[in-house]
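Working notes for the structure below.
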Amino acid sequence: MARLFLRRMYRNKMFERTFCSQNASNDPPVFRPEKVLVVSKMSRYEFEKHKQPYLSEDELRRRLAARGSNYEGLMKRHKIHTRNLESVTEALRSHGVEVKVVQKHEYTPEKVNWADVIMSAGGDGTFLMAASHILTREKPLIGVNTDPSRSEGFLCLPKEFSGKFSRALDRLLAGKFRWRWRNRIRITLEGYQVSLIDPVDLDDLELGAHDHLGPHRDYRYQSESDDERLLNPSERPLDATETTVLPIRALNEIFIGETRASRTSYYELSVDGRRWEKQKSSGLTVCTGTGSSSWSLHINQLTYQSTREILRIVNEETNSRVSVDSDVMTRVMRRYNNSLMFDASEPKMTYTVRDPIINGVFSVKNPRGFAKRITVRSRCWDACLAVDGGFSFQFNDGAMASLEILPEDALRTVILD
(Lines give C-alpha, C1' and ligand atoms only; values in the text may rest on other atoms or scores of the structure.)
Protein backbone atom coordinates (compact mmCIF):
# COMPACT_ATOMS: atom_id res chain seq x y z
CA MET A 1 0.00 0.00 0.00
CA ALA A 2 2.86 2.39 0.76
CA ARG A 3 4.31 1.71 -2.69
CA LEU A 4 1.00 2.86 -4.15
CA PHE A 5 1.14 5.82 -1.79
CA LEU A 6 4.58 6.79 -3.06
CA ARG A 7 3.64 6.37 -6.74
CA ARG A 8 0.68 8.69 -6.32
CA MET A 9 2.63 11.40 -4.53
CA TYR A 10 3.48 13.18 -7.75
CA ARG A 11 3.53 16.91 -8.39
CA ASN A 12 -0.09 17.93 -9.06
CA LYS A 13 0.01 20.90 -11.45
CA MET A 14 -3.71 21.66 -11.17
CA PHE A 15 -3.40 21.79 -7.38
CA GLU A 16 -0.38 24.05 -7.63
CA ARG A 17 -2.11 26.44 -10.01
CA THR A 18 -5.53 26.79 -8.34
CA PHE A 19 -4.75 26.26 -4.69
CA CYS A 20 -1.18 27.11 -3.67
CA SER A 21 0.57 30.25 -4.78
CA GLN A 22 4.19 30.97 -3.96
CA ASN A 23 4.89 34.04 -5.98
CA ALA A 24 8.31 35.64 -6.10
CA SER A 25 6.55 39.00 -5.73
CA ASN A 26 4.88 40.33 -2.59
CA ASP A 27 1.47 39.01 -3.63
CA PRO A 28 -0.30 37.20 -0.77
CA PRO A 29 -0.33 33.38 -0.86
CA VAL A 30 -3.47 31.67 -2.12
CA PHE A 31 -5.60 29.28 -0.05
CA ARG A 32 -8.59 27.96 -2.00
CA PRO A 33 -8.99 24.23 -1.27
CA GLU A 34 -11.84 22.23 -2.74
CA LYS A 35 -11.28 19.10 -0.62
CA VAL A 36 -10.02 18.95 2.96
CA LEU A 37 -9.24 15.80 4.93
CA VAL A 38 -9.54 16.31 8.69
CA VAL A 39 -7.55 13.79 10.73
CA SER A 40 -9.12 13.64 14.18
CA LYS A 41 -7.48 12.39 17.33
CA MET A 42 -9.00 9.54 19.29
CA SER A 43 -10.16 11.03 22.58
CA ARG A 44 -9.38 9.21 25.81
CA TYR A 45 -13.06 8.29 26.08
CA GLU A 46 -13.02 6.81 22.57
CA PHE A 47 -9.77 5.01 23.40
CA GLU A 48 -11.33 3.34 26.42
CA LYS A 49 -14.43 2.37 24.41
CA HIS A 50 -12.32 0.86 21.63
CA LYS A 51 -10.17 -1.02 24.10
CA GLN A 52 -13.15 -2.36 26.08
CA PRO A 53 -16.11 -2.47 23.64
CA TYR A 54 -17.90 -5.09 25.75
CA LEU A 55 -18.43 -2.69 28.67
CA SER A 56 -21.61 -0.67 29.12
CA GLU A 57 -21.31 2.99 30.07
CA ASP A 58 -21.93 2.22 33.72
CA GLU A 59 -19.42 -0.65 33.68
CA LEU A 60 -16.86 1.62 32.03
CA ARG A 61 -17.46 4.23 34.73
CA ARG A 62 -16.79 1.67 37.45
CA ARG A 63 -13.74 0.26 35.65
CA LEU A 64 -12.22 3.74 35.31
CA ALA A 65 -12.96 4.54 38.96
CA ALA A 66 -11.10 1.38 40.01
CA ARG A 67 -8.05 2.71 38.13
CA GLY A 68 -8.32 6.17 39.67
CA SER A 69 -9.71 7.79 36.50
CA ASN A 70 -12.84 9.88 36.25
CA TYR A 71 -15.52 8.94 33.70
CA GLU A 72 -17.19 12.36 33.84
CA GLY A 73 -13.87 14.10 33.23
CA LEU A 74 -13.12 11.93 30.21
CA MET A 75 -16.58 12.54 28.80
CA LYS A 76 -16.20 16.30 29.32
CA ARG A 77 -12.89 16.36 27.40
CA HIS A 78 -14.44 14.21 24.66
CA LYS A 79 -17.33 16.65 24.23
CA ILE A 80 -14.95 19.63 24.08
CA HIS A 81 -12.93 17.90 21.36
CA THR A 82 -16.07 16.94 19.44
CA ARG A 83 -17.48 20.47 19.64
CA ASN A 84 -14.26 22.04 18.37
CA LEU A 85 -13.97 19.43 15.62
CA GLU A 86 -17.46 20.34 14.48
CA SER A 87 -16.50 24.03 14.37
CA VAL A 88 -13.76 23.10 11.87
CA THR A 89 -15.95 21.02 9.59
CA GLU A 90 -18.89 23.46 9.70
CA ALA A 91 -16.67 26.43 8.83
CA LEU A 92 -15.14 24.61 5.87
CA ARG A 93 -18.48 23.38 4.54
CA SER A 94 -20.02 26.85 4.85
CA HIS A 95 -17.46 27.95 2.22
CA GLY A 96 -18.35 25.10 -0.12
CA VAL A 97 -15.37 22.92 0.79
CA GLU A 98 -15.86 19.15 0.63
CA VAL A 99 -14.77 17.63 3.95
CA LYS A 100 -13.97 14.13 5.13
CA VAL A 101 -13.16 13.29 8.76
CA VAL A 102 -11.04 10.24 9.61
CA GLN A 103 -9.23 8.84 12.60
CA LYS A 104 -5.81 7.24 12.50
CA HIS A 105 -6.91 3.74 11.50
CA GLU A 106 -8.81 5.27 8.53
CA TYR A 107 -5.97 7.53 7.40
CA THR A 108 -5.01 5.89 4.12
CA PRO A 109 -2.82 7.01 1.19
CA GLU A 110 -5.92 7.17 -1.00
CA LYS A 111 -7.54 9.69 1.34
CA VAL A 112 -4.32 11.73 1.54
CA ASN A 113 -4.21 11.92 -2.25
CA TRP A 114 -7.92 12.82 -2.41
CA ALA A 115 -7.42 16.00 -0.38
CA ASP A 116 -5.99 19.38 -1.32
CA VAL A 117 -5.23 20.09 2.33
CA ILE A 118 -4.80 17.94 5.42
CA MET A 119 -5.97 19.29 8.77
CA SER A 120 -5.28 17.69 12.12
CA ALA A 121 -7.83 18.02 14.91
CA GLY A 122 -6.24 17.21 18.25
CA GLY A 123 -2.87 18.16 19.67
CA ASP A 124 0.74 17.88 18.60
CA GLY A 125 0.57 14.08 18.58
CA THR A 126 -2.23 14.14 16.01
CA PHE A 127 -0.30 16.70 13.95
CA LEU A 128 2.81 14.49 13.94
CA MET A 129 0.80 11.44 12.95
CA ALA A 130 -0.88 13.32 10.11
CA ALA A 131 2.46 14.71 8.91
CA SER A 132 4.20 11.33 8.76
CA HIS A 133 2.19 10.20 5.72
CA ILE A 134 2.49 13.41 3.66
CA LEU A 135 5.36 12.82 1.27
CA THR A 136 5.04 15.86 -0.98
CA ARG A 137 5.89 19.52 -0.46
CA GLU A 138 2.73 20.62 -2.24
CA LYS A 139 0.18 19.35 0.29
CA PRO A 140 -0.17 21.63 3.35
CA LEU A 141 -0.91 20.48 6.87
CA ILE A 142 -2.76 22.76 9.29
CA GLY A 143 -3.29 21.81 12.92
CA VAL A 144 -6.21 22.79 15.13
CA ASN A 145 -5.87 22.24 18.89
CA THR A 146 -9.26 20.84 19.89
CA ASP A 147 -8.57 20.68 23.63
CA PRO A 148 -6.37 23.70 24.42
CA SER A 149 -6.72 23.43 28.20
CA ARG A 150 -5.06 19.97 28.15
CA SER A 151 -2.68 20.29 25.21
CA GLU A 152 -0.12 22.97 24.37
CA GLY A 153 -0.44 22.38 20.63
CA PHE A 154 2.82 24.10 19.65
CA LEU A 155 2.44 22.84 16.08
CA CYS A 156 -1.18 23.93 15.77
CA LEU A 157 -2.88 27.27 15.15
CA PRO A 158 -2.98 29.57 18.19
CA LYS A 159 -5.38 28.44 20.91
CA GLU A 160 -7.68 31.41 20.34
CA PHE A 161 -8.91 29.68 17.17
CA SER A 162 -9.65 26.31 18.77
CA GLY A 163 -13.37 26.95 19.18
CA LYS A 164 -13.58 29.68 16.56
CA PHE A 165 -11.97 28.15 13.52
CA SER A 166 -14.12 30.29 11.20
CA ARG A 167 -11.97 33.29 12.17
CA ALA A 168 -8.79 31.45 11.19
CA LEU A 169 -10.38 30.26 7.96
CA ASP A 170 -11.34 33.84 7.05
CA ARG A 171 -7.70 34.85 7.37
CA LEU A 172 -6.52 31.91 5.31
CA LEU A 173 -9.02 32.62 2.52
CA ALA A 174 -8.03 36.30 2.57
CA GLY A 175 -4.36 35.40 2.13
CA LYS A 176 -3.43 36.77 5.56
CA PHE A 177 -0.90 34.08 6.30
CA ARG A 178 2.55 32.85 5.33
CA TRP A 179 3.71 29.42 4.31
CA ARG A 180 6.11 27.88 6.78
CA TRP A 181 8.41 25.01 5.84
CA ARG A 182 9.39 22.47 8.46
CA ASN A 183 12.27 20.20 7.52
CA ARG A 184 11.94 16.48 8.13
CA ILE A 185 14.29 13.52 8.37
CA ARG A 186 14.44 10.88 5.65
CA ILE A 187 15.45 7.40 6.84
CA THR A 188 17.25 4.93 4.58
CA LEU A 189 17.76 1.40 5.90
CA GLU A 190 20.46 -0.93 4.65
CA GLY A 191 21.15 -4.52 5.65
CA TYR A 192 20.13 -8.14 5.38
CA GLN A 193 16.41 -8.53 4.56
CA VAL A 194 15.51 -5.03 5.72
CA SER A 195 12.63 -5.01 3.23
CA LEU A 196 10.97 -7.73 5.32
CA ILE A 197 10.83 -5.54 8.41
CA ASP A 198 7.25 -4.60 9.21
CA PRO A 199 6.60 -1.49 11.30
CA VAL A 200 4.85 -1.55 14.64
CA ASP A 201 2.13 1.03 15.21
CA LEU A 202 2.68 2.07 18.83
CA ASP A 203 -0.89 3.33 19.20
CA ASP A 204 -2.23 -0.04 18.09
CA LEU A 205 -0.03 -1.69 20.70
CA GLU A 206 -1.72 0.43 23.35
CA LEU A 207 -5.15 -0.44 22.01
CA GLY A 208 -4.32 -4.13 21.79
CA ALA A 209 -6.85 -4.28 18.97
CA HIS A 210 -5.41 -5.98 15.92
CA ASP A 211 -8.71 -5.76 14.08
CA HIS A 212 -7.95 -2.03 13.77
CA LEU A 213 -5.24 -2.71 11.25
CA GLY A 214 -6.50 -1.39 7.96
CA PRO A 215 -4.79 -1.70 4.57
CA HIS A 216 -2.62 1.35 5.27
CA ARG A 217 -0.78 -0.62 7.96
CA ASP A 218 0.77 -2.76 5.22
CA TYR A 219 3.75 -0.46 4.81
CA ARG A 220 5.97 -1.54 1.95
CA TYR A 221 9.25 -0.22 0.73
CA GLN A 222 10.31 1.24 -2.57
CA SER A 223 12.83 -1.49 -3.36
CA GLU A 224 10.75 -4.64 -2.99
CA SER A 225 8.14 -6.60 -4.90
CA ASP A 226 5.40 -8.89 -3.61
CA ASP A 227 7.22 -11.89 -5.03
CA GLU A 228 10.37 -10.94 -3.12
CA ARG A 229 8.46 -10.75 0.16
CA LEU A 230 7.07 -14.26 -0.36
CA LEU A 231 10.51 -15.80 -0.67
CA ASN A 232 11.51 -18.12 2.14
CA PRO A 233 14.37 -16.43 4.03
CA SER A 234 16.47 -19.55 3.47
CA GLU A 235 16.21 -18.98 -0.29
CA ARG A 236 17.86 -15.59 -0.08
CA PRO A 237 21.65 -15.30 -0.29
CA LEU A 238 23.19 -15.04 3.16
CA ASP A 239 25.31 -12.07 2.11
CA ALA A 240 22.50 -10.25 0.30
CA THR A 241 21.98 -6.67 1.48
CA GLU A 242 19.13 -4.36 0.57
CA THR A 243 18.67 -0.62 0.70
CA THR A 244 15.24 0.89 1.24
CA VAL A 245 13.76 4.29 2.09
CA LEU A 246 11.12 4.19 4.81
CA PRO A 247 7.76 5.49 3.54
CA ILE A 248 7.36 7.98 6.39
CA ARG A 249 9.27 11.10 7.42
CA ALA A 250 10.23 12.26 10.92
CA LEU A 251 9.03 15.76 11.76
CA ASN A 252 10.07 15.77 15.44
CA GLU A 253 12.63 13.11 16.25
CA ILE A 254 13.94 9.58 15.84
CA PHE A 255 14.95 7.31 18.69
CA ILE A 256 17.35 4.41 18.15
CA GLY A 257 18.05 1.93 20.91
CA GLU A 258 17.06 -1.21 22.75
CA THR A 259 13.32 -1.69 23.08
CA ARG A 260 13.58 -2.35 26.81
CA ALA A 261 14.73 0.80 28.58
CA SER A 262 16.68 -1.19 31.17
CA ARG A 263 19.01 -2.68 28.54
CA THR A 264 22.15 -0.97 27.24
CA SER A 265 22.12 0.01 23.57
CA TYR A 266 25.21 -0.90 21.54
CA TYR A 267 25.79 0.65 18.11
CA GLU A 268 28.28 2.41 15.87
CA LEU A 269 27.83 6.07 14.98
CA SER A 270 29.21 8.22 12.17
CA VAL A 271 28.41 11.94 12.00
CA ASP A 272 28.83 13.82 8.71
CA GLY A 273 31.02 11.10 7.24
CA ARG A 274 33.55 11.09 10.05
CA ARG A 275 35.09 7.89 11.40
CA TRP A 276 32.86 5.32 13.07
CA GLU A 277 32.67 5.38 16.86
CA LYS A 278 31.44 2.40 18.88
CA GLN A 279 29.13 3.50 21.66
CA LYS A 280 27.10 2.10 24.51
CA SER A 281 24.36 4.23 25.99
CA SER A 282 20.66 4.42 26.76
CA GLY A 283 20.02 5.10 23.09
CA LEU A 284 20.37 7.84 20.52
CA THR A 285 17.93 10.61 19.66
CA VAL A 286 18.08 12.64 16.45
CA CYS A 287 15.75 15.57 15.97
CA THR A 288 14.85 18.40 13.61
CA GLY A 289 14.45 22.08 14.37
CA THR A 290 10.79 21.36 15.09
CA GLY A 291 11.77 18.73 17.65
CA SER A 292 14.65 20.73 19.14
CA SER A 293 12.25 22.40 21.59
CA SER A 294 10.74 19.08 22.66
CA TRP A 295 12.37 15.81 23.80
CA SER A 296 15.86 16.88 22.77
CA LEU A 297 15.63 20.05 24.85
CA HIS A 298 14.37 18.20 27.91
CA ILE A 299 17.20 15.65 27.67
CA ASN A 300 19.94 18.29 27.46
CA GLN A 301 18.66 21.36 29.26
CA LEU A 302 20.32 22.82 32.31
CA THR A 303 18.18 23.07 35.40
CA TYR A 304 18.34 25.82 37.97
CA GLN A 305 19.87 23.39 40.47
CA SER A 306 22.63 22.25 38.06
CA THR A 307 23.43 25.84 37.08
CA ARG A 308 23.82 26.87 40.72
CA GLU A 309 26.13 23.95 41.49
CA ILE A 310 28.30 24.52 38.39
CA LEU A 311 28.77 28.19 39.18
CA ARG A 312 29.65 27.34 42.77
CA ILE A 313 32.32 24.85 41.62
CA VAL A 314 33.73 27.38 39.11
CA ASN A 315 34.13 29.88 41.92
CA GLU A 316 35.87 27.34 44.15
CA GLU A 317 38.23 26.06 41.43
CA THR A 318 39.23 29.47 40.09
CA ASN A 319 39.09 31.48 43.29
CA SER A 320 36.64 33.72 41.47
CA ARG A 321 33.70 35.62 42.78
CA VAL A 322 31.17 35.06 40.03
CA SER A 323 27.79 36.13 41.29
CA VAL A 324 25.49 33.19 41.98
CA ASP A 325 22.36 35.19 42.62
CA SER A 326 19.14 34.04 41.03
CA ASP A 327 19.23 36.57 38.17
CA VAL A 328 22.69 35.43 37.00
CA MET A 329 21.77 31.76 37.27
CA THR A 330 18.57 32.30 35.33
CA ARG A 331 20.39 34.17 32.53
CA VAL A 332 23.10 31.49 32.26
CA MET A 333 20.52 28.71 32.27
CA ARG A 334 18.34 30.35 29.63
CA ARG A 335 21.28 31.21 27.39
CA TYR A 336 22.51 27.62 27.42
CA ASN A 337 19.06 26.13 26.89
CA ASN A 338 18.26 28.52 24.06
CA SER A 339 21.45 27.41 22.29
CA LEU A 340 20.01 23.89 22.04
CA MET A 341 17.09 25.00 19.85
CA PHE A 342 17.02 26.06 16.21
CA ASP A 343 14.45 27.00 13.59
CA ALA A 344 12.31 24.34 11.93
CA SER A 345 13.42 25.49 8.48
CA GLU A 346 17.15 24.98 9.10
CA PRO A 347 18.54 22.04 7.07
CA LYS A 348 20.27 20.30 9.95
CA MET A 349 19.68 17.81 12.75
CA THR A 350 20.78 17.65 16.36
CA TYR A 351 21.70 14.37 18.01
CA THR A 352 22.06 13.29 21.64
CA VAL A 353 23.73 10.19 23.06
CA ARG A 354 21.65 9.41 26.12
CA ASP A 355 23.55 8.42 29.26
CA PRO A 356 26.77 7.47 27.42
CA ILE A 357 28.99 4.81 28.96
CA ILE A 358 32.57 6.09 29.18
CA ASN A 359 35.30 3.72 30.35
CA GLY A 360 38.54 2.11 29.15
CA VAL A 361 36.77 0.45 26.20
CA PHE A 362 34.04 2.86 25.15
CA SER A 363 34.18 6.61 24.79
CA VAL A 364 31.93 9.30 23.38
CA LYS A 365 33.82 12.25 21.94
CA ASN A 366 30.77 14.42 21.37
CA PRO A 367 27.65 13.23 23.23
CA ARG A 368 25.57 15.82 21.41
CA GLY A 369 25.91 18.06 18.40
CA PHE A 370 24.54 19.24 15.07
CA ALA A 371 24.83 17.31 11.82
CA LYS A 372 23.83 17.22 8.15
CA ARG A 373 23.96 13.43 7.90
CA ILE A 374 24.02 10.70 10.55
CA THR A 375 24.65 7.00 10.02
CA VAL A 376 24.05 4.36 12.68
CA ARG A 377 24.91 0.64 12.55
CA SER A 378 23.11 -1.47 15.11
CA ARG A 379 24.89 -3.93 17.37
CA CYS A 380 21.75 -4.51 19.42
CA TRP A 381 19.61 -7.64 19.72
CA ASP A 382 16.15 -6.28 20.43
CA ALA A 383 16.30 -2.70 19.22
CA CYS A 384 13.97 -0.31 17.48
CA LEU A 385 14.06 2.79 15.34
CA ALA A 386 11.04 4.85 16.45
CA VAL A 387 9.70 7.75 14.39
CA ASP A 388 7.90 10.60 16.17
CA GLY A 389 6.71 8.23 18.89
CA GLY A 390 4.19 6.71 16.48
CA PHE A 391 5.88 3.98 14.46
CA SER A 392 8.68 1.62 15.41
CA PHE A 393 10.90 -0.42 13.08
CA GLN A 394 13.06 -3.35 14.13
CA PHE A 395 16.72 -2.33 14.11
CA ASN A 396 18.93 -5.22 15.16
CA ASP A 397 22.56 -6.31 14.72
CA GLY A 398 24.01 -5.36 11.33
CA ALA A 399 21.18 -3.09 10.18
CA MET A 400 22.30 0.39 9.18
CA ALA A 401 20.25 3.60 9.08
CA SER A 402 21.20 6.79 7.25
CA LEU A 403 19.43 9.95 8.41
CA GLU A 404 19.39 13.11 6.33
CA ILE A 405 17.34 16.20 5.55
CA LEU A 406 16.44 16.87 1.93
CA PRO A 407 14.62 19.95 0.58
CA GLU A 408 11.97 17.83 -1.15
CA ASP A 409 10.89 16.32 2.18
CA ALA A 410 9.98 19.64 3.86
CA LEU A 411 6.44 19.90 5.23
CA ARG A 412 4.31 22.89 4.26
CA THR A 413 2.47 24.51 7.18
CA VAL A 414 1.06 28.00 7.83
CA ILE A 415 1.58 30.98 10.10
CA LEU A 416 -1.34 33.39 10.40
CA ASP A 417 -0.47 37.07 10.04
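Basis for what follows: all heavy atoms, side chains included, without hydrogens, waters or symmetry-related copies. Keep in mind it's a predicted model, so treat the numbers as computed, not measured.
- Asn252 and Thr290 are not linked by any side-chain donor-acceptor pair at a separation below 3.5 angstrom, with hydrogens and angles left out of the test.
- Remark: Glu59 does not engage Arg63 in a salt bridge, criterion side-chain N to carboxylate O under 4.0 Å.
- Atom CD1 of residue Ile187 and atom CD of residue Glu404 lie 10.5 Å apart, to the nearest 0.5 angstrom.
- By the neighbour-count criterion of 12 heavy atoms within 6.0 Å, atom CZ of Arg61 is densely surrounded, having more than that number from other residues, nucleotides or ligands.
- Contact detail for Ile405 and Pro347: the closest heavy-atom pair is CG2-CA, 4.2 Å.
- Side-chain contact of Glu138 with Thr136: a donor-acceptor pair under 3.5 Å is present, judged by distance alone.
- Counting non-hydrogen atoms of other residues, nucleotides and ligands closer than 6.0 Å to CH2 of Trp114 gives a total above 12.
- Using modelled atom types, one finds a donor on one side chain and an acceptor on the other under 3.5 Å when comparing Ser345 with Asp343.
- When every heavy atom of Pro356 is checked against every heavy atom of Ser281, the shortest pair comes out as CA-CB, 3.9 Å.
- Of the possible donor and acceptor atoms, none in the side chain of Asp388 sits under 3.5 Å from a partner among the backbone N and O of Ala250.
- Salt-bridge formation is detected for the pair Arg167/Glu160: a Lys NZ or Arg NE/NH1/NH2 atom is positioned less than 4.0 Å from an Asp or Glu carboxylate oxygen.
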Show, in sequence, the C-alpha distance, side-chain angles and deciding distance for Lys111 and Val102, and conclude whether the side chain to side chain contact (heavy atoms under 4.5 Å, CB included) test is met. CA-CA 9 Å; Lys111 288 189 173 71; Val102 298; 3.4 Å; yes
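- Note that the NE2 atom of His78 and the CG atom of Asp147 stand 11.5 Å from one another [nearest 0.5 Å].
- Within the 3.5 Å criterion, the main-chain N or O of Ser120 finds no donor-acceptor partner in the side chain of Thr126.
- Arg77 and Ser149 are linked by a side-chain donor-acceptor pair at a separation below 3.5 angstrom, with hydrogens and angles left out of the test.
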Audit row: His81, Ser40, side chain to side chain donor-acceptor pair (under 3.5 Å) steps and yes/no: CA-CA 9 Å; His81 162 71; Ser40 172; 3.0 Å; yes
Hey, mind stepping through Thr285 and Arg354 against side chain to side chain contact (heavy atoms under 4.5 Å, CB included) and telling me if it holds? CA-CA 8 Å; Thr285 63; Arg354 301 175 64 211; 3.8 Å; yes
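- Two residues are said to be in side-chain contact when any heavy atoms from C-beta on lie closer than 4.5 Å; Leu246 and Phe393 meet this criterion.
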Could you walk me through whether Asn84 and Thr146 pass the side chain to side chain donor-acceptor pair (under 3.5 Å) test, one step at a time? CA-CA 5 Å; Asn84 289 333; Thr146 54; 5.8 Å; no
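- A donor-acceptor distance shorter than 3.5 angstrom exists from the side chain of Asn337 to the backbone of Leu302, with no hydrogens or angles considered.
- Side chain of Glu258 to backbone of Trp381: a donor-acceptor contact under 3.5 angstrom is found.
- Ring geometry for Tyr45 versus Tyr71: interplanar angle over 60°, hence perpendicular rather than tilted (30 to 60°).
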Between Phe391 and His133, does the ring-ring contact (aromatic ring centres under 6.0 Å, His included) criterion hold? Intermediate values first, please. CA-CA 11 Å; Phe391 293 94; His133 302 327; 5.6 Å; yes
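- With a 4.5 Å cut-off on side-chain heavy atoms, Leu269 and Leu284 count as touching.
- Taking a cutoff of 4.0 Å between a charged side-chain nitrogen and a carboxylate oxygen, Arg379 and Asp397 qualify as a salt bridge.
- With hydrogens and angles ignored, the 3.5 Å screen pairs a side-chain donor or acceptor of Thr307 with a backbone N or O of Thr303.
- The closest donor-acceptor contact from the side chain of Glu46 to the backbone of Ser43 lies under 3.5 Å.
- In this structure, the side chain of Asp272 engages the main chain of Arg373 through a donor-acceptor pair within 3.5 Å.
- Contact record, His50 with Met42: CD2-CE, 3.4 Å, taken as the closest heavy-atom pair.
- Each of Arg137, Arg249, Arg182, Arg184 was scored for a salt bridge (charged side-chain N to carboxylate O under 4.0 Å, His left out) with Asp409, with one residue passing: Arg249.
- Residues Leu169 and His95 meet the side-chain proximity criterion, which asks for heavy atoms closer than 4.5 Å.
- Proximity of a side-chain donor or acceptor of Thr288 to a complementary backbone N or O of Leu251 within less than 3.5 Å is detected.
- Distance check: Leu411 CG to Leu155 CG gives 9.5 Å after rounding to the nearest 0.5 Å.
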Given the rule in the side chain to side chain donor-acceptor pair (under 3.5 Å) test, do Ser296 and Tyr351 qualify, once you have shown the distances and angles that lead to the verdict? CA-CA 8 Å; Ser296 175; Tyr351 68 91; over 6 Å; no
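- Side-chain atoms of Val144 and Cys156, non-hydrogen and from C-beta on, never get closer than 4.5 Å to each other.
- Proximity of Val97 to Glu34: side-chain heavy atoms (C-beta onward) are nowhere separated by under 4.5 Å.
- Under the 4.5 Å side-chain criterion, counting only non-hydrogen atoms from C-beta, Leu74 is in contact with Glu48.
- The residues Asp382 and Arg260 are annotated as salt-bridged, a charged nitrogen and a carboxylate oxygen being separated by less than 4.0 angstrom.
- Judged by distance alone, the side chain of Ser378 and the main-chain N or O of Phe395 form a donor-acceptor pair under 3.5 Å.
- Aromatic ring centres of Phe370 and Phe342: separated by under 6.0 Å.
- Taking the six-membered ring where the residue is Trp, the centroids of Tyr266 and Phe362 are separated by under 6.0 Å.
- Looking at Glu57 and Lys49, a side-chain N of the basic residue comes within less than 4.0 Å of a carboxylate O on the acidic one, giving a salt bridge.
- The backbone N or O of Ala115 lies less than 3.5 Å from a partner atom in the side chain of Lys139, making a donor-acceptor pair.
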With side chain to side chain contact (heavy atoms under 4.5 Å, CB included) as the test, would you mind laying out the steps for Phe165 and Leu157 before giving the verdict? CA-CA 9 Å; Phe165 178 72; Leu157 295 176; 4.0 Å; yes
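- Using modelled atom types, one finds no donor on one side chain facing an acceptor on the other under 3.5 Å when comparing Glu86 with Thr89.
- Atom CZ of Phe154 has 12 or fewer heavy atoms from other residues, nucleotides or ligands within 6.0 Å.
- In this structure the side chain of Thr243 reaches within 4.5 angstrom of the side chain of Thr188, judged on heavy atoms.
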Under the criterion side chain to side chain contact (heavy atoms under 4.5 Å, CB included), I'd like the reasoning laid out for Arg368 against Val353: C-alpha separation, chi angles, the key distance, then a yes or no. CA-CA 6 Å; Arg368 70 171 182 84; Val353 180; over 6 Å; no
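- The number of heavy-atom neighbours closer than 6.0 Å to CZ of Arg67, taken from other residues, nucleotides and ligands shown, is above 12.
- Put simply, the side chain of Val101 reaches to within 4.5 Å of the side chain of Leu85, judged on heavy atoms.
- Separating the CG atom in Leu297 from the OG1 atom in Thr350 is a distance of 10.5 Å, to the nearest 0.5 Å.
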Show, in sequence, the C-alpha distance, side-chain angles and deciding distance for Asn145 and Ser162, and conclude whether the side chain to side chain donor-acceptor pair (under 3.5 Å) test is met. CA-CA 6 Å; Asn145 186 350; Ser162 292; 5.0 Å; no
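- A pairwise comparison of heavy atoms in Ser293 and Met341 identifies CB-SD, 3.6 Å as the closest pair.
- For the pair Arg93 and Glu98, the salt-bridge criterion is not met [side-chain N within less than 4.0 Å of a carboxylate O].
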